[in-house]
Number of protein chains: 2
Amino acid sequence: MKHVTIKDIARYLSISVSTVSRALVNDKNVRKETKEKVLEAARILEYKPNPIATNLKYGHTNTVGVIVPEMVTPFASKVVSGIQNVLYANGIKVIVADSGEDPEIERENLKLMEHFMVDGIIISLCSWRKNAEDYRRLQKSEMPMVFYDRIPHGLDVPQVLVDDYRKSFFLIEKLILGGRKRIVHIQGPDDIYNSQERLRGYMDAMAKYKLPVEADSMIFKAGMTFEAGAEVAETLVKKGIGFDAVFAFTDTLAIGVMNRLRELGKKIPEEVAVASFSGTELSTIVYPKLTTVEPPLLQMGEKAAELILEKIKNPDCPNRKEVLNAEIRMRESSGNIHPE
Amino acid sequence: MKHVTIKDIARYLSISVSTVSRALVNDKNVRKETKEKVLEAARILEYKPNPIATNLKYGHTNTVGVIVPEMVTPFASKVVSGIQNVLYANGIKVIVADSGEDPEIERENLKLMEHFMVDGIIISLCSWRKNAEDYRRLQKSEMPMVFYDRIPHGLDVPQVLVDDYRKSFFLIEKLILGGRKRIVHIQGPDDIYNSQERLRGYMDAMAKYKLPVEADSMIFKAGMTFEAGAEVAETLVKKGIGFDAVFAFTDTLAIGVMNRLRELGKKIPEEVAVASFSGTELSTIVYPKLTTVEPPLLQMGEKAAELILEKIKNPDCPNRKEVLNAEIRMRESSGNIHPE
DNA sequence: GCAGGTTCCGGGAACGTTCCCGCAATCGTT
DNA sequence: AACGATTGCGGGAACGTTCCCGGAACCTGC
């Protein structure tokens with residue numbers, strides 16, 4: 001597997017290595033004819049530039065790391081697609097690591113990216129508080145970072161997300177207009193910005209229609225898996241709590257609740273409506289189909305990639321915050337009120 | 001972000017670069033005390049070895065590429081986890097590309113991996129025929145490759161898979177013993193080994209019980225998406241074909257059929273049982289839960305990683321074929337006959 | 001026709017490592 | 001005490017590129 005190098009071309013044409021290099025990077029200080037000769041020679045010798053040599057020269061690795069909170073949902077894979085769309089076009093490798101909703105693993109992943117000397121990190125959190133120290137250290141060492149979707153609470157970092165508050169508000173409003181009065185909320189991790197925002201949207205919508213919210217019987221904190229959702233469903237019916245709708249932080253959670261609720265005899269959506277945030281294709285294959293807020297995942301990835309590119313080029317550029325528009329998808333799980 | 005190098009350590013200790021290098025790689029030709037001094041200095045100077053320098057030196061990139069056929073299912077992400085488990089432990093980066101069941105994209109991904117000069121490729125096909133040329137070229141250029149799950153038809157390459165034939169056979173047998181007589185099969189791409197094997201398992205099981213199989217009304221070829229499955233469901237009921245079970249190549253396909261069948265009024269599993277291969281967590285969140293053959297995904301990834309490591313170390317080593325054991329999961333979609 | 005400017009090219013250092021080679025000092029053997 | 005063998009270390013080339021510097025050849029304008 002001997003690779004042909006720039007030297008081989010030089011030798012082949014009895015020309016200097018420098019000239020070949022110049023010809024290849026389109027430097028102006030080279031005659032048209034020689035440039036063409038070099039290009040021709042490169043073609044017939046099947047020359048392929050060796051990225052690691054230039055990487056060493058320039059001191060970067062041409063790879064960015066992506067750390068995603070989970071991968072059982074196609075959420076992350078869609079975003080990663082978007083990221084790759086723009087990064088691959090710029091000759092940058094993408095390595096992705098899955099935290100499995102575990103802060104410990106997230107921390108490991110961070111270390112891993114450092115070890116691999118990536119040029120930048122794109123990340124969606126599973127917990128901010130647990131690893132805040134590491135993020136700060138990384139930021140101090142001028143590692144370019146951009147956050148997407150699940151971002152840290154109140155921090156000046158480049159970020160791309162959707163309007164969690166407004167979308168949650170409108171979604172809850174639609175449930176209420178559809179006749180639901182006792183809407184239970186399953187919260188996300190409380191050190192993540194989005195949890196607070198979605199909760200706030202829920203609260204404000206409930207307040208607008210003067211619907212009571214009892215913190216201990218209508219707001220639940222859980223993990224992030226199907227199973228965690230199922231457990232909330234159990235306590236909900238075991239404690240005999242009266243409710244006619246559930247709004248979950250994530251579609252994983254929502255699917256978990258919905259399925260267990262059905263198994264426990266609740267009719268969906270007749271007796272209880274189910275809705276969630278961060279929907280993916282998954283919400284269309286469950287029964288009934290799940291009402292959810294669907295962020296533009298591909299675009300989210302592309303934007304994140306653009307931001308990291310910007311940061312890599314100029315580490316001192318201002319931290320931009322991109323807010324994308326998410327679609328509210330009303331489906332059967334909520335009684336399909338106000339279809340779009 | 002100035003990095004401290006081996007030279008800094010050498011200067012700091014008034015010692016030669018060579019000695020520092022030797023101390024760091026545990027060469028025997030260095031005194032214990034100097035080694036300790038170097039290690040100490042490395043610690044307090046916060047030295048981190050620069051992988052790209054050694055990569056250039058040794059002529060490899062320390063990354064392997066993984067090409068997966070799809071990512072809407074968590075199948076690939078689990079396998080990738082397994083791969084990362086062993087590769088990360090060996091200091092090797094993993095970059096993954098998703099072909100989205102499109103041979104064209106698969107081809108692009110192949111090119112991409114070449115361009116990034118990965119040390120090896122682990123791949124699960126979406127089509128063999130369309131890109132056979134590229135694979136052969138790659139193999140001729142001595143690029144280490146290992147295939148998992150979806151492998152090319154009859155070719156001597158390192159591969160890790162499950163026993164598609166036997167598992168399909170037993171699964172169909174269980175359906176038959178559960179009372180199903182007219183079992184429809186939805187085939188996978190016909191240039192993939194697994195399609196042939198699963199079909200063969202289906203045929204032989206049907207034959208064993210003397211059940212007729214009419215090729216044009218019981219065997220269907222489709223795409224690989226939920227939608228493709230749904231379309232088969234449509235033609236099935238529109239043409240008024242009599243059937244009491246469906247066995248699909250993949251759970252994506254199965255979920256597609258099952259959901260549309262239900263929408264069209266078929267009772268599952270009472271009227272028709274549904275079963276599939278290559279099941280993941282997805283098959284437990286749909287309604288009813290899906291009967292499927294579940295390969296040991298993590299282990300599959302780990303084995304694939306071990307094989308690629310072997311190939312990288314010694315390109316001339318024999319092409320091993322690892323057959324893993326898959327579990328048949330009987331669930332509600334098939335009437336839950338013979339539960340384990 | 002000559003100073004000054006362009007254009008084009010070659011030499012060689014540099015990026016951070018590893019490793020071969022050679023030399024000095026120490027060791028063990030007789 | 002003298003010898004080769006071993007141990008410990010430094011010098012420097014090499015991996016494949018880029019890029020600075022300097023020099024040769026050519027053009028320009030007076």
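The sequence lines fix the lettering, A, B, ..., with proteins before strands; numbering per chain opens at 1.
Below the 3.5 angstrom threshold, one finds a donor paired with an acceptor across the side chain of Lys57(A) and the base of dT18(D).
Remark: C1' of dG12(D) and CD1 of Ile6(B) are 15 Å apart, rounded to the nearest angstrom. The distance between atom NZ of Lys7(A) and atom P of dC15(D), rounded to the nearest whole Å, is 5 Å. Between Lys37(A) atom NZ and dC8(C) atom C1' there is a gap of 13 Å when expressed in whole angstrom units. Spacing between atom CG of Asn55(B) and atom P of dT17(C) amounts to 12 Å, rounded to whole angstrom units. Met117(A) places its CE atom 14 Å from the P atom of dC15(C), with the value rounded to the nearest Å. Computed from coordinates, the Lys32(B) NZ to dC9(D) P distance equals 13 Å when rounded to whole Å. For the pair Leu56(A) CG and dT17(D) P, the computed distance is 12 Å after rounding to whole Å. Rounded to an integer number of Å, the gap from OH of Tyr58(A) to P of dG16(C) is 15 Å.
With sequence neighbours excluded, no residue forms a side-chain hydrogen bond (donor to acceptor under 3.5 Å, both in side chains) with Asn90(B). For Glu70(B), the salt bridge (charged side-chain N to carboxylate O under 4.0 Å, His left out) test picks out no residue, with sequence neighbours left out. Residues that satisfy the side-chain contact (heavy atoms from CB on, under 4.5 Å) test with Gln139(B), not counting sequence neighbours, are Met145(B), Val157(B). Checked against ring pair (Phe, Tyr, Trp, His ring centres under 6.0 Å), Phe75(A) has no partners two or more places apart in sequence or in another chain. Scanning for side-chain contact (heavy atoms from CB on, under 4.5 Å) contacts around Lys140(B) gives an empty result, with sequence neighbours left out. Contacts of Pro296(A) classified as side-chain contact (heavy atoms from CB on, under 4.5 Å), with partners at least two apart in sequence or in another chain: Val162(A), Gln299(A), Leu324(A). Remark: Tyr193(A) pairs with no residue by the ring pair (Phe, Tyr, Trp, His ring centres under 6.0 Å) rule, at least two apart or across chains.
Residue pairs meeting the side chain to side chain donor-acceptor pair (under 3.5 Å) criterion with at least one partner in residues 73-84 of chain A, sequence neighbours excluded, are Gln84(A)-Tyr88(A). Among residue pairs with one or both ends in residues 148-160 of chain B, those qualifying as side chain to side chain donor-acceptor pair (under 3.5 Å) are Glu101(B)-Arg150(B), Asp156(B)-Asn319(B); sequence neighbours excluded.
Residues from residues 40-48 of chain A with heavy atoms under 4.0 angstrom of DNA chain C: there are none. Within residues 15-28 of chain B, the residues that have a heavy atom under 4.0 Å from DNA chain D are, in order of number, Ile15(B), Ser16(B), Ser18(B), Thr19(B), Arg22(B), Lys28(B).
If you check dC9(D), dT18(C), dG16(C) against the side chain of Thr54(B), the one that comes closest is dT18(C).
Direction of the helix axis in the helix from dG5(C)-dC26(D) to dT30(C)-dA1(D) shifts by 50° between the two five-pair termini, rounded to 10°.
Two residues are said to be in side-chain contact when any heavy atoms from C-beta on lie closer than 4.5 Å; Leu309(A) and Val86(A) meet this criterion. Residues Leu138(B) and Leu110(B) are in side-chain contact: their nearest non-hydrogen atoms beyond the backbone lie under 4.5 Å apart.
For Arg31(B), a side-chain nitrogen or oxygen approaches OP1 or OP2 of dC9(D) to under 4.0 Å.
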